[in-house]
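Read through the structure below, which is laid out as C-alpha cells, and then see the notes.
Every number for a ligand or one of its atoms is a count from 1 in the order of the listing.
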Amino acid sequence: MDLELKEKVVIVTGASRGLGAAITKYLSDEGAYVLAAARSESDLRSLQQYNDKRILPVCCDMSVKEEVSGLADMACNEFGNLHGIVNNAGIAPAENSLDSEIAVMENTLKVNVIAPTIIAKTAARHFVNKSQRGSIVNIASTSGLKGKASLASYSSSKGALLRLTESLAAEWARYGIRVNAIAPGAFETSAQAAVLENADILKARLRKIPQRRMGSPEEIAPMVAYLLSPISDFVTGACFVIDGGEVSKL
Ligand code: NAP
C-alpha cells in the first residue's frame with residue numbers, strides 16, 4: 001500500500017535508539033526525510049548510516065526549551081518543508097513518591113509533556129502559515145491510561161500527553177492538522193532493561209500480557225506511518241493501544 005509519505009518531511013524525537021530508531025528507519029524506507037533528534041550523537045550517527053540521504057541527525061536535549069523550539073525551523077531549512085511530527089522521546093524514572101525530589105516530576109514533565117507541546121505548537125504554526133495539512137503523533141503509554149505505583153511522574157506525564165493530544169486535535173481540526181497518540185504496552189527497548197535483565201521479573205511481567213511476550217520496536221512503526229499518512233485523514237484525537245492485549249483484559 002502506498003502511504004504517500006515519499007518526500008514528506010517528518011521530525012522524530014528520541015530517535016537514537018528503541019522505538020524512535022525503528023520509526024525513523026521505517027519512515028525513511030517509505031521515502032520520507034527524517035530529522036532524527038536525541039542527545040546521543042554517536043547513536044544518531046549510526047542511525048544515519050541506515051539511510052544517509054534521508055536521515056538527518058540533530059543533537060537536542062528535550063529538557064531545554066531553547067533547543068526544542070528550533071526543531072521545526074531546522075527541518076524546514078534543511079528539507080524545504082515540514083509535514084509531520086513524532087513526539088517519541090520520553091523518560092520513565094522509577095521512584096518512591098514518599099522520598100523522591102520534586103525535580104523528578106519537573107524533569108519528566110519537561111521531556112514528556114512540555115517538549116512535545118513546544119514542537120506541536122511550532123509545527124502547527126508552520127502548517128497554518130503554509131496553508132497545508134499536518135499530522136502529529138504523540139507516543140504516550142498504557143501507563144498514561146491508569147496510574148501506576150512507582151511511576152507517579154511518568155504516569156502523570158503520559159496522562160497529560162493523552163489529554164494534550166485530544167485538546168489539540170479538537171482545536172486544530174479546522175486547520176487540517178491531525179493529532180493522535182499511540183499507547184504502547186511493554187516493548188523490548190533499553191527502557192525495559194531492568195525487566196529484560198532479570199528472568200524472574202520478566203516472567204512475572206509477561207504473565208500480565210495475554211500474548212505472553214513484549215512487543216518489538218518494529219511493531220510500532222507501521223501505526224506511526226499510518227497516522228502520518230493522508231490515508232488516515234479522518235483519524236484525529238484518537239489513542240491506539242498496542243500492548244499484546246494487556247489493557248483489554250483489565
Ligand atoms: P528508550 O529506549 O529509553 O529511548 C528513549 C529515547 O528518548 C532515546 O532516543 C533518548 O535519546 C530519548 N531521550 C530521553 N531523554 C531525552 C532528552 N532529555 N532529550 C532528548 N532525547 C531524550 O525508550 P523507548 O522504549 O524507545 O521509548 C520511546 C517512547 O515510548 C517513550 O516516550 C516511552 O515513554 C514510550 N513507551 C515505551 C514503552 C516500552 O516498553 N519501551 C512502553 C510505553 C511507552 P538520548 O538518550 O540519546 O537523548
Closest to atom 15 (N) of ligand 1 among protein heavy atoms sits Arg39 NH2, 3.3 Å
Within the 4.5 Å heavy-atom criterion, are Val235 and Arg178 side-chain neighbours or not? yes
Could you find the nearest protein heavy atom to atom 29 (C) of ligand 1 and give me its residue, atom name and distance? Asn88 O, 3.1 Å
Could you tell me which non-hydrogen atom of Ala15 sits nearest to which non-hydrogen atom of Leu47, and how far apart they are? O-CD2, 3.3 Å
Considering the heavy atoms of Val111, write down every atom of ligand 1 situated less than 4.0 Å from one of them. 18 (N)
Side chains of Asn81 and Gln132 only: does a donor on one sit below 3.5 Å from an acceptor on the other? yes
Close side-chain approach of Phe187 and Met214, heavy atoms under 4.5 Å: no
At under 4.0 Å between heavy atoms, what of Ala186 touches ligand 1? The answer is backbone
Using the rule given for salt bridge (charged side-chain N to carboxylate O under 4.0 Å, His left out), can you reason through Asp29 versus Arg54, listing the C-alpha separation, both sets of side-chain angles and the distance that settles it, and then say yes or no? CA-CA 9 Å; Asp29 286 345; Arg54 295 190 179 273; over 6 Å; no
Is Leu19 touching ligand 1 with its side chain, its backbone, both, or neither, if touching means heavy atoms under 4.0 Å apart? both
Shortest protein contact, atom 33 (C) of ligand 1 (heavy atom only): Tyr154 OH, 3.7 Å
Quick one: does Gly14 get an N or O within less than 3.5 Å of an N or O on ligand 1? yes
Can you tell me if Ile91 contacts ligand 1 (heavy atom of the residue under 4.0 Å from the ligand)? yes
Which atoms of ligand 1 are found less than 4.0 Å from any heavy atom of Gln192? 39 (C), 40 (O)
Among Lys146, Lys208, Arg205, the one residue meeting salt bridge (charged side-chain N to carboxylate O under 4.0 Å, His left out) with Glu246: Arg205
Verify salt bridge (charged side-chain N to carboxylate O under 4.0 Å, His left out) between Glu219 and Arg213, making sure each step is shown before the conclusion. CA-CA 13 Å; Glu219 291 179 292; Arg213 69 174 179 92; 2.8 Å; yes
Quick one: does Ala140 get within less than 4.0 Å of ligand 1, heavy atoms only? yes
Quick one: nearest non-hydrogen protein atom to atom 43 (C) of ligand 1, plus distance? Pro184 O, 3.3 Å
Short version for Met214: what comes under 4.0 Å of ligand 1, heavy atoms counted, is neither
Backbone, side chain, both or neither: what part of Arg17 comes under 4.0 angstrom of ligand 1, heavy atoms only? both
Taking atom types as modelled, find out whether Thr165 and Asn138 have a side-chain donor-acceptor pair closer than 3.5 angstrom. yes
Find all atoms of ligand 1 within a distance of less than 4.0 Å from any non-hydrogen atom belonging to Gly185, and give their numbers and elements. 38 (C), 39 (C), 40 (O), 42 (C), 43 (C)
Should Ala15 be listed as contacting ligand 1, given a heavy-atom distance under 4.0 Å as the test? yes
Do me a favour and list the nearest non-hydrogen protein atom to atom 18 (N) of ligand 1 with residue, atom name and distance? Asp61 OD1, 3.0 Å
Can Glu95 and Ser97 be counted as having a side-chain donor-acceptor contact under 3.5 angstrom? no
Grab the two heavy atoms, one from Ala140 and one from Pro184, that are nearest each other, plus how far apart they are. O-CD, 3.3 Å
Under 3.5 Å between some N or O of ligand 1 and some N or O of Gly20? no
Report the part of Cys60 in contact with ligand 1, treating N, CA, C, O as backbone and CB onward as side chain, heavy atoms under 4.0 Å; options are side chain, backbone, both, neither. backbone
Is Ala21 in contact with ligand 1, taking contact as a heavy-atom separation below 4.0 Å? no
Nearest neighbour in protein (non-hydrogen) for atom 8 (C) of ligand 1: Ser16 OG, 3.5 Å
Residues, nucleotides or ligands: over 12 heavy atoms within 6.0 Å of Glu7 CD: yes
Looking only at non-hydrogen atoms, which of Ala115, Ala191, Pro217, Gly90 approaches atom 23 (O) of ligand 1 most closely? Ala191
closest protein heavy atom to atom 2 (O) of ligand 1 is Ser190 OG, 2.8 Å
Minimum-distance protein heavy atom relative to atom 24 (P) of ligand 1: Thr189 OG1, 3.6 Å
Flag if over 12 foreign heavy atoms under 6.0 Å of CZ, Arg212: yes
Distance-only donor-acceptor check, side chains Arg17 and Ser190, under 3.5 Å: yes
If only side-chain N and O atoms count, and only distance matters, is there a donor-acceptor pair under 3.5 Å linking Ser157 with Asn112? yes
Contact check: Ser40 vs ligand 1, nitrogen or oxygen atoms, below 3.5 angstrom: yes
Does Lys110 come within less than 4.0 angstrom of ligand 1, counting non-hydrogen atoms of the residue? no
How about Ser143 and Lys148: does a side-chain donor come under 3.5 Å of a side-chain acceptor? yes
Atoms of ligand 1 under 4.0 Å from any heavy atom of Met62, numbered from 1 in the order shown, are 17 (C), 18 (N), 19 (N), 20 (C), 21 (N)
